[in-house]
Amino acid sequence: MATFSQSTIEKGSDMVQDFVCSTCEDKKQVKMADFYCESCVQFYCGTCIGMHSQLFTKHAPYGRGDMKKWPVSEKVEDFLLKCDVHKEENLKMFCDEHSELCCTHCAFINHRLCQKVTFISDIVKSQSTDLHQLSVSIQTILKEMKELQDNQEASIQAVQSSYDQQLHTIHKTRQEIIAALDTIEQNTITEMKDTLTKLQAAFKSDVDKCIRLRDELKQLRDAIQDIGDKSKLELSFIATRKCKEKMQQSEAYLKKNSLQVKVAITFQPNSDIVQYLSKLSGLGTIEHSTKTLMVQDNPNKKIIVHGQSVHNVKLSKDSEECCIIATLVCPDRQILVVDNNNKNVKLLNQQYQVVSHWSATAFPRDICAITPVEVAVTLGDENTHEVQFITVNKRQLVTGRKFQLKHTCRGIACHQGDLYITADNSLYKYTVSGKQVRKMYEDASSPHTVEKCAVSPTGDKLYITDYSQNKLLTLARDGSVLATFTDHALLEPCDVHVTPAGQVLVCGMGSHTILQVDSEGRRKLATLATKEDGVLWPWAVCYSRHTASIIVGLNANNSILVFKVQ
């Protein structure tokens, strides 16, 4: 087989997979191949293919336009197969408990006590991989990582610009104080330069991190593109695991840095500097201001559905038909679903299979994320009105603290430490410690006028569903009504969800529909799914940015629906 060009690996993120002509290689020459002959199992350049075609008239070599039919290169195989820890060992096993690829050394050292360590060759017989979707996901993360890198690089220039502007203020102040100016000025400029150096170093660290993660993602992307449809099951599985691990690292880093900041150095002159000059060691104070900049996504971009699947979430111990009243996607891509009828919260893996559950003593109503590993669940019946906190730890749901409420509770949402809880006819604001801040909204005209709630990414808008009167309300931060939405396709709206981009999704339980509404809450943008798509009595809806999908909880068929979207 022809050799994979060494430069392709050394270039890292600029990997261009290429092959050397087999005939030229035998002559100790390095010439890039333009054709591959499956019959000969050889590569040929543009010159050598002529002789080959004369000798083997019945052979049908594949040109670069058919590179999907070329074999996987040795370098790509080596890149994917080698253990990251034991560089000379190949990856042969997978630990399901830790979700880790491992060589024989890793398996013996780190996983010998694990219950389920399986040979990759056995796993790939029953599991398939979607390399195309994986490549698309990597492209999305690469784009976001590049945007973050660009923002941090721009911050370096911005802080330099603000430094230059404030330096002028320093010089202007200097002209007013006359005596002992040189020493004081030098002390102040030195302090500001130290601030500049520290700030730029912090941004440079982020830029370097972005570059490294992008390079690694691009290498993996190029590798899986090279695998293509070549039936390399083990490679595909390994590639999938490596890609998912690197994507999780990148997404965690992106989430950590999702709120972009604008940093500027400011100089605040002391108006009494002349009078107190002899007492001062500098011209003023050096500070840097930080302003949060929200990611400029389009909250009114229409979502397009292009595929769906159904997943059963019933446990053998469930005595009732499942009613999935709430759903939540965790940062590690696992999904939490609240089964109201069976009084439990179920943890699903990335294949939407139930891997763990937590049983409640009262009916669970809704769920929201508090931290990357902690969620809050509302529980309610005639005697119970409380919020229970649960930690997601290694595929287990561990109960934590809880606090009692003096009113009924249904929906719950969290934004920057503020909890919003619905109570049939009212919306309350709480702290995460359980202290009631105030009642934000109330409508006692009929039952269930405040069913569920959601918060916009910026926290400036609140959305609540009015189940009784078939409405979606948009509230300002102070609780005043900004807009009221009604539509013949929205009956008995029960759940509302806002995507990270600010797109508003609402499900109509009585109309068997999932709608997208504009971020102002005034008009319908799209009907995403109906009864014809399998939407029967939908109680919950949420969006997963990891898989670009919408998850719908049903009060029918013991199932959830997953719609692929773009």
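With respect to the salt-bridge test (charged N to carboxylate O, under 4.0 angstrom), the residues Lys116 and Glu97 do not qualify. Ion pairing between a basic and an acidic side chain is recognised when a charged N comes within 4.0 Å of a carboxylate O; Glu144 and Arg545 show such pairing. Using a 4.0 Å cut-off between a side-chain N of Lys or Arg and a carboxylate O of Asp or Glu, Lys524 and Asp487 qualify as a salt bridge. With respect to Asp194 and Lys198, no salt bridge is recorded, no charged nitrogen being found less than 4.0 Å from a carboxylate O. The pair Lys461-Glu520 counts as a salt bridge, with a side-chain nitrogen and a carboxylate oxygen less than 4.0 angstrom apart.
Checked by atom type and distance alone, the side chain of Asn342 never pairs as donor or acceptor with a backbone atom of Asp339 at under 3.5 Å. With Asn340 contributing its side chain and Pro364 its backbone, the two residues share a donor-acceptor pair below 3.5 Å. Checked by atom type and distance alone, the side chain of Thr422 never pairs as donor or acceptor with a backbone atom of Leu427 at under 3.5 Å. When atom types are taken as modelled, the side chain of Thr513 and the backbone of Ala489 share a donor-acceptor pair closer than 3.5 angstrom. A donor-acceptor distance shorter than 3.5 angstrom exists from the side chain of Asn341 to the backbone of Glu321, with no hydrogens or angles considered.
Contact record, His111 with Cys95: ND1-SG, 3.4 Å, taken as the closest heavy-atom pair. Closest approach of Arg365 to Lys452, counting heavy atoms only: O-CE, 3.7 Å. Nearest heavy-atom pair, Lys343 versus Thr361, reported as atom, atom and distance to 0.1 Å: NZ-O, 3.9 Å. Among all heavy-atom pairs drawn from Ile335 and Asn349, the shortest one is CD1-O, 3.7 Å. The heavy-atom pair separating Pro500 from Pro457 by the smallest distance is O-CG, 3.5 Å. Here the shortest heavy-atom pairing between Leu419 and Val432 reads CD1-CA, 3.9 Å.
In this structure, Lys209 is positioned above the aromatic face of Tyr253, its NZ or CZ under 6.0 Å from the six-membered ring centre and within 45° of the axis.
Using modelled atom types, one finds a donor on one side chain and an acceptor on the other under 3.5 Å when comparing Asp206 with Gln152. Checking Lys146 against Gln149 by side-chain atom types alone, no donor-acceptor pair falls below 3.5 Å. In summary, the side chains of Tyr430 and Asp418 do not present any donor paired with an acceptor at a separation below 3.5 Å, with no hydrogens or angles considered. Using a 3.5 Å distance cut-off with no hydrogens or angles, the side chains of Thr408 and Asp424 do pair a donor with an acceptor. Defined by atom type and a distance below 3.5 Å, a donor-acceptor pair is missing between the side-chain atoms of Asn393 and Gln396. Using modelled atom types, one finds a donor on one side chain and an acceptor on the other under 3.5 Å when comparing Thr547 with Ser544. In this model, a donor atom of one side chain and an acceptor atom of the other lie less than 3.5 Å apart for Asp164 and Gln160. Between Asn344 and Asp318, the side chains place a donor N or O and an acceptor N or O closer than 3.5 Å (distance only, hydrogens not considered). For the residue pair Ser99/Arg241, the side-chain donor-acceptor check at 3.5 Å is satisfied. No hydrogens or angles considered: a donor-acceptor pair under 3.5 Å links the side chains of Asp381 and Thr384.
Residues Val313 and Leu348 form a side-chain contact, since some pair of their non-hydrogen atoms from C-beta on lies under 4.5 Å apart. In this structure, Val541 and Thr327 have side chains that are not in contact, with every pair of non-hydrogen atoms separated by 4.5 Å or more. Annotation: side chain of Ile141 is in contact with side chain of Leu217 (closest heavy-atom distance under 4.5 Å). Side-chain contact check for Leu472 versus Pro493: every heavy-atom pair is 4.5 Å or farther apart. Counting only heavy atoms from C-beta outward, the side chains of Asp518 and Val504 never approach each other to under 4.5 Å. Inter-residue side-chain proximity for Phe563 and Asp533 is flagged as met; some heavy-atom pair is nearer than 4.5 Å. The shortest distance between side-chain heavy atoms of Ile138 and Cys243 falls below 4.5 Å.
Applying the 6.0 Å contact sphere to CD of Gln404 captures more than 12 heavy atoms from other residues, nucleotides or ligands. Within a 6.0 Å sphere centred on CD of Glu382, heavy atoms belonging to other residues, nucleotides or ligands number 12 at most. Applying the 6.0 Å contact sphere to NE2 of His306 captures more than 12 heavy atoms from other residues, nucleotides or ligands. Annotation: Phe363, atom CZ; neighbour count of heavy atoms from other residues, nucleotides and ligands within 6.0 Å does not exceed 12.
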message: Assess the residue pair Ser309 and His311 against the criterion (side-chain hydrogen bond (donor to acceptor under 3.5 Å, both in side chains)); give the C-alpha distance rounded to whole Å, side-chain angles, the decisive distance to 0.1 Å, and a yes or no.
response: CA-CA 7 Å; Ser309 56; His311 303 274; 2.8 Å; yes
- request: Apply the test side-chain hydrogen bond (donor to acceptor under 3.5 Å, both in side chains) to residues Asn470 and Thr486: give CA-CA distance (whole Å), side-chain angles for both, the deciding distance (0.1 Å), then the verdict.
  value: CA-CA 6 Å; Asn470 304 318; Thr486 60; over 6 Å; no
message: Run Gln249 and Leu213 through side chain to side chain contact (heavy atoms under 4.5 Å, CB included) and show every step you take.
response: CA-CA 8 Å; Gln249 293 178 17; Leu213 289 173; 4.3 Å; yes
message: Evaluate Ser456 against Ser519 for side chain to side chain contact (heavy atoms under 4.5 Å, CB included), listing each step before the verdict.
response: CA-CA 8 Å; Ser456 66; Ser519 61; over 6 Å; no
- request: Could you walk me through whether Ile412 and Val387 pass side chain to side chain contact (heavy atoms under 4.5 Å, CB included), step by step?
  value: CA-CA 9 Å; Ile412 186 170; Val387 175; 4.1 Å; yes
- request: Carefully, step by step, assess Glu153 and Gln157 under the rule side-chain hydrogen bond (donor to acceptor under 3.5 Å, both in side chains).
  value: CA-CA 7 Å; Glu153 289 175 342; Gln157 297 300 319; over 6 Å; no
field: side-chain hydrogen bond (donor to acceptor under 3.5 Å, both in side chains) assessment of Glu100 paired with Asn110
entry: CA-CA 10 Å; Glu100 288 182 6; Asn110 302 320; 5.7 Å; no
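The ring of His407 has its center closer than 6.0 angstrom to the ring center of Tyr428.
Of the listed residues (Glu251, Gln350, Lys244, Gln334), just one forms a side chain to side chain donor-acceptor pair (under 3.5 Å) with His546, and that residue is Glu251.
The aromatic rings of Tyr467 and His448 sit perpendicular, their planes meeting at an angle over 60°, well past the 30° parallel limit.
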